[in-house]
Structure formats: structure tokens, C-alpha cells
Amino acid sequence: MVHQYKLNGYDIVLDTCSGSVHVVDDVAYDLIALYKEQPEDEIISALMQKYTNRPDVTEEELRTCLSDVKSLEAAGKLYTPDTFESMAFDFKNRNTVVKALCLHVAHTCNLNCSYCFASQGKYHGDRSLMSFEVGKRALDFLIENSGSRVNLEVDFFGGEPLMNWDVVKKLVAYARTQEKPHNKKFRFTLTTNGMLIDDDVIAFANKEMHNVVLSLDGRKEIHDRLRVDCAGNGSYEKIVPKFKALVDSRGGQGYYMRGTFTHANPDFTKDVFHMADLVFDQLSMEPVVCDPADPAALTEDDLPIVLEQYEILAKEMLKREQEGRGFTFYHYMLDLTGGPCIYKRISGCGSGTEYMAVTPRGDLYPCHQFVGEEAYKLGDIWNGVVNTAVRDEFKTCNAYARPECADCWAKLYCSGGCAANAYHASGSIRGIYEYGCKLFRKRIECAIMMKVAQADLQ
Amino acid sequence: MNRIKTLETRDLKKSAQTGGCGECQTSGVANQPCENPSK
């Protein structure tokens, strides 16, 4: 499968099943588009007619270009057939290990953000904190179910995890004592709204947290519109100095700012640039996913604005990089040469199989966005996964699980998309969140264009 | 003249034989660093 698009002055051709990326001129772009549609002589004739005023477009030149296309096809870099589907069907029989847990150490929060998927941290249940005993058992469960895998990941999540900070510190200390006996290496991450960051949090996070995810929505008026405390006060002025102190103390590494944009700011690049101008240079800004009836929900009218914003963002990032003040954007950090293998690209994030969320009382769910959905409860940390039907459903929920994805050029970049988004949009994890698909495809087009531009500049 | 330039990319077909070690970080998916990129 081949996907062609033009962006920022580049003509780009993607070969989905080999992962190849080609930058071509307009003549080759047209030739590749016709290559599988018409006989060679008709292609030559059509292009000679189209480029009649171009002295560089001769029949000899076109036949040379045609020969180059044939060579790429023979080398498995263009029109590569899709032979991966049979692999995807074997996934249910794969023996998977658990390699990451999202520990919900606090089902409570000190903010009251209206768009929160976790229902202000409570996940549609009661406020609660994870005890050390439950957390310790969760870590033991992870070690026991991780097979021979060495690298294990634990994300401290909520709600607001800093509201249970002492337990977080004790759990990290316990995990460190288990590394050598079990030949494991724990990689901890922390997702926080920043309200409770102090010197102790900074020192401990810098020592133990591989990554910290800091929630900031951008401009003050945007951030404070939805990210408010229980009295309705905005949190921007309180958290930005704390985030700056934390990031500065980490040497600007091992963090990223994570914002959410809504119907109130489809012009979200202004918020991204605002964060960059605040000295933060590792950024993400995610489209809100919520009930379409929610006033914050993105609308069809927002879609063309958002798509254009992604292009504006990519071009501005290239410009700032040239000026020596570049920043990263989560979705534009493609690694073309050292990125994921085909198994990872088919299977995606591993929710429900390799990655699970643990509630404060020890229940297991496929991921943090399914917590509170009783039908998706997998089991608990004492008895393990007992709802094998749900686990198997997630095992086979991959890039080839949906007929709608069969002709999508981006399926090996998105791996079939986010199961939680699909569930919330369609009622099934095998459903389609088409709005999200449109945004994802645009982001990948922009990310690859940036790679092309960077190669061009070199 | 050369009208086509091909960027260096990981060969997905080849990775079907060499990949799948499972040591990679959980995830975004497409920008995830591979723990064994030499493969």
C-alpha cells in the first residue's frame, strides 16, 4: 500500500508495509500515482502531455524514472505487499508477559477539571488512596508475571498521585530492593497536576523518576478555564513556577508537558508555543476525548482548524530548530531508523495484556482509561487475570482487528488506535473513533514531513 | 536526473524475523525507541 501527499513544498511517498519513505519531484509523484493504474506507454504519454513545457521531461527521462520505480518495487521499498495480517491472527496464541503497571495510588484529586476522563480523579467511584500493602502486592504481581523481561515500568497515576506521596516513596524503595534478587530494572514515571510539588518531591523525582508528565494546558486563560480547584480558582499561577523549578532541577530532561485542547482552543498551537516560550521544550498537546454533548468536545467545525494547526506546528518547529530554539512534540518524535519492529506496530500499546492499571483496592483493568468500567475488570493483584475473555479480546485488538482499517495507510503507525478512545466513541474496543483517526493521520504526515525536511537540510 | 530520494528507514519486513523481543517500553507507538535497533 502506498500513500502520497504534498506538504510544506515536499512531495512524499510512503510505502506502508516496508516502512519506506521517499521524497520525489512532481514528475515522479505523478508517475507513481499512475504506475499501478495504467500501462507504461500510457503513463509516458500522459506525463509527456502534462509536462509538455518542461524541457527536463523527455521520454528517456520518464523511462529512467519508471525504471527507478520498478527497482524500488523489486527491492521491497515500494508497493510492498501486506503479508503481516496472518501474523496478527496468531496474536491470541502469543504468551504475553506483564511489563508495565499503572498504579492508581490516589482516586482523589485537588483539582476539579470538568473534562477529566477520570471524573475528577474518582473514576465514578469513591475517593480512596492505595495502601502500601496493596501497592507492594501490585509490584510483586508485576515481578511474578513479567517472565524473563528485565525492564519493568510503573507509572504513579491518579487522580493526583502526590496526594499519596509517602506511599509512592515507600513503593519505590521496596521495588529497588527487589531488582537484584529478581534481575529486574524498574523504570518509574509520575503524572501530576503540579499543585503539591515541593522540594521533597523534586529531590525524590530527580533521583527515582525516569519521566515526569506535567499537566499544563498552555495559555493562562485556556488553562484556568477548565483546570480549577474545588473553589473554582485557576491553577496556572500556582503550578507554572513549580513546573519550572522541577524541570530546571532535572536539567531539562526526563519530563514532558502534557496539555489537553478542547472546543475552547482548537487553535492549540498558540498554547504549544506559549509553553515553549515559557522555557519548556518537551511538549504534548492532546485533543480532548469526551461525550460529544460536553461543551468541551471538539466538533466537526473544529476539524479543519485542528488539521491546519498540526501543519502550522510542524512548520514552526522546523523554523525554531533552525534558530536554535527547537522543542519536541510528542507525536512528531518519529524514529524512522530505530523505531518499533513490526510486532510492536501491529500490537500497539499492549493494554490489557502487557500493560494494566491497578486501582487503590487492587483491582486490575486493561488500562487507566477503563478503570471503573466493571465489564472490563480483568481480576485483581492477588488472583491475577480471571476475566480471560476480556484479556483475549485485547490480545487480538490490533492493527488488523477492524475491517475499516484494511485500506488505511497509517495502520502500522497507529496499531489500530487507542482501545479506550474506540470504546468511548463506539461502545466497542474494536470500534472506530474516526475523528481521532483523521487527527492521527495528519500528525503522521506532519511528523514524516519534518523528517524529510531535516534530511533535506543536512 | 534522480527524481526519487529514499530516506533510511527500518525495514519492517526484516523486523518480522529479527524483532519481537518485547523489551521495549510501553507506549506513542510509532516513536517508541526499540531496545535492539541493530536488528
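All values below come from the heavy atoms of this structure, side chains included, with hydrogens, waters and symmetry mates left out. Remember, predicted model here, so these are calculated numbers, not experimental data.
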Distance from [X] atom [atom1] to [Y] atom [atom2], nearest 0.5 Å?
X: Glu153(A); Y: Cys24(B); atom1: CD; atom2: SG; value: 8.5 Å
X: Thr337(A); Y: Asp11(B); atom1: OG1; atom2: CG; value: 13.0 Å
X: Leu7(B); Y: Lys77(A); atom1: CG; atom2: NZ; value: 10.5 Å

What part of [X] gets within 4.5 angstrom of chain B, counting heavy atoms only: side chain, backbone, both, or neither?
X: Ser146(A); result: neither
X: Leu152(A); result: neither
X: Val13(A); result: neither

Query raised in the report: Heavy atoms, side chains only, cut-off 4.5 Å: are Thr6(B) and Val21(A) in contact?
Result: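 The answer is no, as the side chains (C-beta and beyond) never meet within the 4.5 Å cut-off.
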Query - Side-chain heavy atoms of Glu8(B) within contact of Leu336(A), under 4.5 Å - result: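 A side-chain contact under 4.5 Å is absent here.
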Requested in this report: Salt-bridge test for Glu23(B) and Lys99(A): reply yes if a basic N is under 4.0 Å from a carboxylate O, no otherwise.
Outcome: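 Salt bridge: no.
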Query raised in the report: Is the shortest distance from a Lys or Arg side-chain nitrogen in Asp11(A) or Lys5(B) to a carboxylate oxygen in the other one below 4.0 Å?
Result: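 The answer is no: the pair does not qualify as a salt bridge.
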Query raised in the report: What's the shortest heavy-atom distance between Ile4(B) and His22(A), and which atoms?
Result: CG2-CB, 4.2 Å
Query - Closest approach of Gly20(B) to Cys341(A) (non-hydrogen atoms, all atoms of both residues) - result: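 Smallest interatomic distance, heavy atoms only, reads N-SG, 3.3 Å.
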Requested in this report: Could you check Thr9(B) against Ser20(A) for side chain to side chain contact (heavy atoms under 4.5 Å, CB included), going step by step and ending with a plain yes or no?
Outcome: CA-CA 6 Å; Thr9(B) 54; Ser20(A) 297; 4.2 Å; yes
Report task. Between chain B and each of Ala28(A), Ala100(A), Ser18(A), count heavy-atom pairs under 4.5 Å; write down the option with the most. Result -> Ser18(A)
**Report entry** Short side-chain donor-acceptor distance under 3.5 Å, Thr83(A) and Lys13(B)
**Finding:** yes
Report task. Check each of Asp56(A), Asp68(A), Asp30(A) against Arg3(B) using the salt bridge (Lys or Arg N to Asp or Glu O under 4.0 Å) test, and report the only one that passes. Result -> Asp56(A)
Report task. For the pair Tyr343(A) (side chain) and Gly19(B) (backbone), establish whether a donor and an acceptor sit closer than 3.5 Å, ignoring hydrogens and angles. Result -> no
